[in-house]
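Report on the following structure.
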Amino acid sequence: MKYWLLKSEPDVFSIDDLYDCKDHTEPWDGIRNYQARNFMRDEMDINDQCFFYHSNCKSPGIVGIMTVVSNAYPDKTQFDKKSKYFDPKSKPEKPTWLNVDVKFKKKLNLVSLEIMKNHAALKDLLILRKGNRLSITPIIKSHWDYIIKLSK
DNA sequence: GCCAACGTTGGC
DNA sequence: GCCAACGTTGGC
């Protein structure tokens with residue numbers, strides 16, 4: 001089983017929004033970055049665990065846990081002309097973008113970006129690297145466990 | 001294939 | 001709202 005960190009802007013889609021979805025499950029769509037797509041396509045498996053990270057907001061940080069509940073499949077928003085994620089270059093017979101489904105597992109007490117920065121044990125965490133903008137990053141188990149402890 | 005211009009991300 | 005960092009685009 002692998003571990004991940006998935007970013008979302010809470011103004012767009014928050015952990016509470018995920019909870020409110022049918023079966024607490026929703027496609028993690030709108031990913032328009034090849035590296036992030038490839039993680040979903042090649043590395044993610046059903047039952048992998050993900051941190052839900054709130055970005056671009058007043059208190060950025062990890063707010064909960066979700067579970068991967070599908071393999072990667074074509075992101076339907078790329079074909080939806082009304083979607084902000086519409087991609088005119090992508091064709092249904094050869095979709096460019098993929099998503100997985102994720103299911104809410106639980107909320108955590110906020111582990112803020114500020115707190116994580118202050119822990120030497122997390123210094124190699126990708127999210128803390130300067131200029132890192134990747135919306136899906138792998139997390140090693142020791143970091144995962146450490147962050148879980150910080151949330152208690 | 002280079003790289004300048006542009007758009008986006010995301011912390012502050 | 002600012003701006004640094006990064007990814008993408010497109011002319012050459």
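In what follows, chains are A, B, ... by sequence order, proteins preceding strands, each numbered from 1.
- Applying the ring-ring contact (aromatic ring centres under 6.0 Å, His included) criterion to F13(A), with sequence neighbours excluded, gives no partner residue.
- A salt bridge does not link K76(A) to D80(A): none of the charged nitrogens lies less than 4.0 Å from a carboxylate oxygen.
- Annotation: K2(A), atom NZ; neighbour count of heavy atoms from other residues, nucleotides and ligands within 6.0 Å is above 12.
- In this structure, W97(A) and Y34(A) have tilted ring planes: the angle between them lies in the 30° to 60° band.
- The ring-ring contact (aromatic ring centres under 6.0 Å, His included) test applied to F79(A) returns no partner, not counting sequence neighbours.
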(request) If a protein heavy atom is under 4.0 Å from the base, mark B; if only from the sugar-phosphate, S; if neither, -; do that for nucleotides 7-12 of chain B going 5' to 3'. (result) BBBBBS
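- Here K58(A) lies out of heavy-atom contact (under 4.0 Å) with every strand.
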